Amino acid sequence: MAASFFSDFGLMWYLEELKKEEFRKFKEHLKQMTLQLELKQIPWTEVKKASREELANLLIKHYEEQQAWNITLRIFQKMDRKDLCMKVMRERTGYTKTYQAHAKQKFSRLWSSKSVTEIHLYFEEEVKQEECDHLDRLFAPKEAGKQPRTVIIQGPQGIGKTTLLMKLMMAWSDNKIFRDRFLYTFYFCCRELRELPPTSLADLISREWPDPAAPITEIVSQPERLLFVIDSFEELQGGLNEPDSDLCGDLMEKRPVQVLLSSLLRKKMLPEASLLIAIKPVCPKELRDQVTISEIYQPRGFNESDRLVYFCCFFKDPKRAMEAFNLVRESEQLFSICQIPLLCWILCTSLKQEMQKGKDLALTCQSTTSVYSSFVFNLFTPEGAEGPTPQTQHQLKALCSLAAEGMWTDTFEFCEDDLRRNGVVDADIPALLGTKILLKYGERESSYVFLHVCIQEFCAALFYLLKSHLDHPHPAVRCVQELLVANFEKARRAHWIFLGCFLTGLLNKKEQEKLDAFFGFQLSQEIKQQIHQCLKSLGERGNPQGQVDSLAIFYCLFEMQDPAFVKQAVNLLQEANFHIIDNVDLVVSAYCLKYCSSLRKLCFSVQNVFKKEDEHSSTSDYSLICWHHICSVLTTSGHLRELQVQDSTLSESTFVTWCNQLRHPSCRLQKLGINNVSFSGQSVLLFEVLFYQPDLKYLSFTLTKLSRDDIRSLCDALNYPAGNVKELALAFCHLSEQCCEYISEMLLRNKSVRYLDLSANVLKDEGLKTLCEALKHPDCCLDSLCLVKCFITAAGCEDLASALISNQNLKILQIGCNEIGDVGVQLLCRALTHTDCRLEILGLEECGLTSTCCKDLASVLTCSKTLQQLNLTLNTLDHTGVVVLCEALRHPECALQVLGLRKTDFDEETQALLTAEEERNPNLTITDDCDTITRVEI
C-alpha cells in the first residue's frame with residue numbers, strides 16, 4: 001500500500017466490531033497463527049489482558065504493518081467474518097484516499113484564493129502539532145467505545161472559526177488528525193446550502209465528492225467513522241424548530257436543507273456520526289435544547305503576545321510598530337478588538353495609512369469609529385490625492401445603501417441585482433473588489449460579501465449621515481429612531497453589534513470634519529435630535545422587565561466622545577441595567593455614569609474584571625478609577641433609591657470603594673439587593689451601611705454566601721436603633737441552624753423588620769425551634785416569614801404551631817418544599833383553627849401531602865376567619881380529597897380567596913368539580929400560579 005493502512009484508519013475500529021467472545025477467539029487465533037507462520041511472538045500475558053485498542057497497538061509495534069494486515073485479514077477469514085473482510089477490502093480500493101486528495105486540493109485552493117492575503121500571510125496553512133493534539137482531543141471518546149461527539153465552535157466573526165475548519169480539513173486530508181477516528185470528513189457551509197432546492201443528504205455528500213457518482217453505500221457503511229463539519233450554523237433558516245415528525249431518517253430522501261441538517265444534528269439520521277458546528281458568539285437556544293452537545297470550544301484569537309508580534313510583522317519598522325502598538329494598548333476597546341485577527345489587520349492598515357500621510361495617530365485611535373472611518377475613507381481616496389473623486393464618492397454611497405439594506409434584511413451575502421438596486425453598476429465592481437472592502441464569496445462568480453460584518457455595519461451607519469431612509473430603494477430600511485430602539489433593546493437583532501455605536505461615533509466633531517471633507521455635507525444635527533428624543537422616550541416609559549440594555553446605550557454615547565451631549569443624554573434615563581463582563585465594559589460604563597445625576601434605579605453585575613488580590617497582583621489604578629466613577633452614582637444621583645448588585649466578584653479594594661459610597665451621607669437608598677456577590681473580607685463594612693442609611697427599607701442578600709460571623713455582624717447592625725429595614729431576604733445564603741440564634745435575637749430586639757425570607761438554607765428543625773422561641777415572644781413584630789426548602793420535617797411543625805398561636809402579628813407563612821407530610825399539616829391545622837391565630841396566607845406547595853390531610857385543612861377553611869390564600873400545588877391529592885376541600889369552600893364562614901392547585905394534575909371529573917366551584921364562588925380563584933407574597937423584590 002502507498003501509505004500505512006493501520007496508521008491511516010486504525011485497526012482498533014475493526015477489533016471493536018467483534019463481540020466479547022469473538023474478541024477472545026481473535027486472540028487465540030492470533031497465538032496459533034503467529035506460531036504457524038513462525039513469527040516473533042507477542043507475550044501471551046500481554047495479549048490476554050489487552051483491550052481492543054491495546055491489541056491494535058501491540059500488532060503495529062511487533063510486526064511490519066503489511067504483515068499485521070495479512071495476519072488480521074486471515075484471522076477474520078478463519079472467524080468467517082466476511083463483512084469485516086469486505087469492509088477492509090473496500091477501504092483498500094482507495095475511496096478514502098481519493099476523497100482525501102480531493103479535499104486537500106479544494107481547501108488548499110480556497111485558502112490561497114482568500115482575498116485578504118495580507119492577513120492570511122500571518123496564518124500558517126500547516127496545522128501546528130499543538131493544534132492537531134487539541135483537535136484530536138475534541139473528538140476523543142470520553143468513555144470506552146465509539147460514542148459520537150457533537151462539538152460546538154463559537155466566537156465572533158473574524159476570530160478564526162472558518163480558518164480553523166479549513167485547516168482541520170487540510171490536516172485530515174494529510175492524515176495529521178483523526179487518523180484512528182474518521183474515514184470521511186465532509187464540510188457543509190449553511191450560507192451556501194440554504195439556497196439549494198430540496199435535496200438529500202446523499203446529494204450533499206455527492207456535491208463534495210470528486211466524481212459524479214459518489215460511493216454512498218460505502219461511505220455510510222461505518223457511520224461512526226463519519227465527521228460532518230457544519231459552518232455558519234446561524235445562517236440555517238428556521239434553525240432546529242421542526243417537530244420530530246418532520247425529521248428525516250432516509251439519507252436518499254429529498255427534503256429542504258434545513259430539515260436534512262436538523263435531522264443530522266438531532267440524530268434522526270446517521271445517529272452514530274460525529275458533528276463539528278461553528279456558530280457566532282451566542283449558542284442559539286434551539287441548539288442547546290435540541291442537540292446533545294459534548295463540548296463547546298471558543299477560539300481565543302490573538303492574545304497580547306500574538307498582537308505584539310503581529311504589529312511587528314505588519315509594520316516591519318520596529319519603531320513604527322511600537323508607536324502604533326502602544327497607542328492601541330492605551331485603549332481598552334481598540335486593544336480588545338485586536339483579539340480578532342481580521343479586525344487587527346483592519347486597525348493596522350488604518351494606522352499605516354495615516355502614518356504614510358503624516359497624520360496624528362492619536363486621533364485615529366480616539367475611538368473605534370475613527371479607525372473604521374480612516375480605513376474606509378482612505379480606501380476611496382485615490383493614491384496621492386487629497387480627497388475622493390466624484391466616482392469614488394458615488395461608489396461609497398452606493399455601498400452604504402447596500403449595507404443598510406443588508407442590516408435591515410439580515411442579509412450578508414449579496415447578488416448582482418442587490419448591488420445594482422443600490423447604485424453599484426457593473427463597472428464599479430472591479431474597483432470595489434480592488435479595495436477589498438467587498439469580496440467575492442466562496443467559489444461563486446456573482447455572490448459578494450463585505451470584508452467583515454463590522455465594515456458592513458459602519459457603512460450602514462454612514463448611510464444615515466448621507467440620506468434619509470425614505471430615499472432608500474428597499475422598504476425594509478427604517479428610520480434612525482427605529483434603528484436606535486432595536487439597538488438598545490435586549491431582544492435586539494443578534495447581528496447588530498456596532499451599528500448603533502458607529503452611528504453615534506460619526507457624530508463626533510472630528511468625524512464630522514472627515515465627513516465634510518469627503519462628502520461636503522452630513523445630517524448630524526438631525527440625527528443628534530433623534531437620539532435625544534429616543535432616549536427621552538425610553539426614560540419616560542422606564543425599563544419594564546429590564547428590556548432596555550443600558551450598556552448598549554453607554555457604548556453608543558461613549559463612541560461619541562462628547563461630554564456635553566453624554567451628560568444631557570444619560571440624565572434622560574431613570575433606570576440603568578447592565579452587565580460588565582470585561583475591562584471594556586467597565587471603561588464604557590464608568591465614562592457614562594460619571595455624568596449621571598438623575599437615576600432612580602441601578603442594577604448591574606461585574607464579572608471577570610476584579611479578582612481576589614494577593615501580594616503578587618492588584619487591580620490596576622485605571623480600573624479602580626473607573627470603578628469609583630460607577631460607585632459614585634450612589635452619591636451624585638440624588639434621586640437614586642434602588643440598587644441591585646448581582647452575580648459579581650469584588651476584590652478587597654473595590655469592595656471597600658463601594659462600601660464607602662454606600663456609607664456616604666448623600667446616598668439615600670431605600671432598596672438594596674446584594675445577590676450572588678462574592679467579596680473579599682471586611683464584610684462588616686457592608687453591614688455598617690445600615691448605621692448610615694436611615695431610609696433603607698428593603699435589604700436582600702439572596703444567593704450571597706454568608707458565614708456565621710457575617711450573620712452575627714448583620715444582625716448587630718440591624719439592631720442599631722436608627723435602622724428602619726422592614727424587609728430582609730437571606731435566601732440561598734448557605735445559612736445553618738446555628739445562625740438562627742443571631743436571627744432570633746435580632747427579631748426580639750428589632751421593631752422594624754416585618755418580612756423575613758430564609759428560604760433554601762439548611763436550618764432544619766433545630767434552627768426552626770430557635771426561631772419559634774423568638775416568634776412566640778410578644779416583642780416579635782414579624783408579619784411575614786418564608787421558610788421554603790429549609791429541611792423542616794413534621795417534628796418542626798409542633799414548634800411552628802405553637803408560634804402561630806402566640807404571635808398574632810404573623811400574617812404570611814411560606815413553608816413549601818419541606819417534607820412535613822400529613823402529620824405536620826395536622827399539627828399546623830390545630831393552630832390555624834385556634835382563635836388567636838391571625839394567619840392570612842399559607843404556602844404548602846410540594847410538602848409531601850396526600851388527601852389524608854384534607855379533612856384537617858377543611859376544618860381550617862371553615863373555622864379560620866383570616867385565612868385568605870392557601871397553596872397546595874405539587875402535592876398528591878386525589879378526587880376524594882378535593883371533594884372534602886370543595887365542601888369546606890362552600891361553608892358560609894370560609895374566607896379563602898385563592899386556592900393553589902394545578903387542575904391538570906387531576907382527572908376530568910375532578911377538574912370539572914374545581915371549575916364548578918370557581919363559577920359558584922366569584923370571590924374564589926383556583927390557580928397553579930399562586931403568587932402568595934405580593935411584595936416587589938429587586
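This is a predicted model, so every value here is computed, not measured. By convention here, the first residue in the shown sequence is residue 1.
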Smallest separation among heavy atoms of [X] and [Y], with atom names:
X: Thr504; Y: Cys556; result: OG1-O, 2.7 Å
X: Leu499; Y: Ala460; result: CD1-CB, 3.8 Å
X: Ser373; Y: Glu511; result: OG-OE1, 2.6 Å
X: Gln353; Y: Phe375; result: OE1-CA, 3.7 Å
X: Lys352; Y: Phe314; result: CD-CE2, 3.5 Å
X: Ser632; Y: Gln661; result: CA-OE1, 3.6 Å

Measure from NZ or CZ of Lys280 to the centre of the six-membered ring of Phe412, then state whether that distance is under 6.0 Å and the direction lies within 45° of the axis.
yes
Could you tell me if Arg307 sits above the aromatic ring of Phe335, with its cationic atom closer than 6.0 Å to the ring centre and no more than 45 degrees from the axis?
yes
Do [X] and [Y] have their ring centres less than 6.0 Å from each other?
X: His472; Y: Phe463; result: yes
X: Phe502; Y: Tyr372; result: yes
X: Phe414; Y: Tyr448; result: no

Leu599 and side-chain contact (heavy atoms from CB on, under 4.5 Å): which single residue from Leu593, Asn571, Leu643, Val570 fits?
Leu593
For Leu462, the option from Leu399, Thr369, Leu506 that meets side-chain contact (heavy atoms from CB on, under 4.5 Å):
Leu506
So [Y] and [X], do their side chains get closer than 4.5 Å, heavy atoms only?
X: His452; Y: Leu343; result: yes
X: His474; Y: Thr409; result: yes
X: Ile531; Y: Phe565; result: yes
X: Phe325; Y: Tyr310; result: no
X: Val548; Y: Leu573; result: no
X: Ile630; Y: Trp658; result: no
X: Asn422; Y: Glu405; result: yes
X: Thr649; Y: Val677; result: no

Hey, could you give me the [atom1]/[atom2] distance between [X] and [Y], rounded to the nearest 0.5 Å?
X: Phe311; Y: Arg320; atom1: CZ; atom2: CZ; answer: 14.0 Å
X: Ile153; Y: Ile279; atom1: CD1; atom2: CD1; answer: 10.0 Å
X: Phe233; Y: Ile152; atom1: CZ; atom2: CD1; answer: 7.5 Å
X: Leu168; Y: Met166; atom1: CG; atom2: CE; answer: 11.5 Å
X: Glu575; Y: Leu602; atom1: CD; atom2: CG; answer: 10.5 Å
X: Ser550; Y: Phe578; atom1: OG; atom2: CZ; answer: 7.0 Å

Passes side-chain hydrogen bond (donor to acceptor under 3.5 Å, both in side chains), His628 versus Thr657? Steps please.
CA-CA 7 Å; His628 178 76; Thr657 299; 5.7 Å; no
Does this structure show an ion pair linking Lys510 with Asp562, if we count only N-O contacts that are shorter than 4.0 Å?
no
Show your working on side-chain hydrogen bond (donor to acceptor under 3.5 Å, both in side chains) between Glu354 and Asn378 and close with a plain yes or no.
CA-CA 9 Å; Glu354 298 297 277; Asn378 281 325; 2.9 Å; yes
Step by step, work out the side-chain contact (heavy atoms from CB on, under 4.5 Å) result for His579 and Leu551.
CA-CA 7 Å; His579 303 286; Leu551 195 59; 5.8 Å; no
Of the options Phe554, Tyr555, Tyr622, Phe558, which is the one that meets Tyr591 in a ring pair (Phe, Tyr, Trp, His ring centres under 6.0 Å)?
Phe558
Cys603 and Gln646: side-chain contact (heavy atoms from CB on, under 4.5 Å), yes or no, with the steps?
CA-CA 8 Å; Cys603 175; Gln646 60 186 16; 4.1 Å; yes
Is it true that, when you exclude Lys357 itself, more than 12 heavy atoms of the residues, nucleotides or ligands shown sit nearer than 6.0 Å to its NZ?
yes
Hey, is CD on Glu513 packed in by over 12 heavy atoms from elsewhere, all under 6.0 Å?
yes
Check step by step if side-chain contact (heavy atoms from CB on, under 4.5 Å) holds for Ile346 and Leu451.
CA-CA 10 Å; Ile346 289 173; Leu451 169 62; 4.0 Å; yes
side-chain contact (heavy atoms from CB on, under 4.5 Å), that's the test. Do Leu351 and Val328 meet it? Break it down for me.
CA-CA 10 Å; Leu351 293 176; Val328 171; 3.8 Å; yes
Ser374 and Lys514: CA distance, side-chain angles, deciding distance, side-chain hydrogen bond (donor to acceptor under 3.5 Å, both in side chains) verdict:
CA-CA 8 Å; Ser374 295; Lys514 287 184 190 177; 2.9 Å; yes
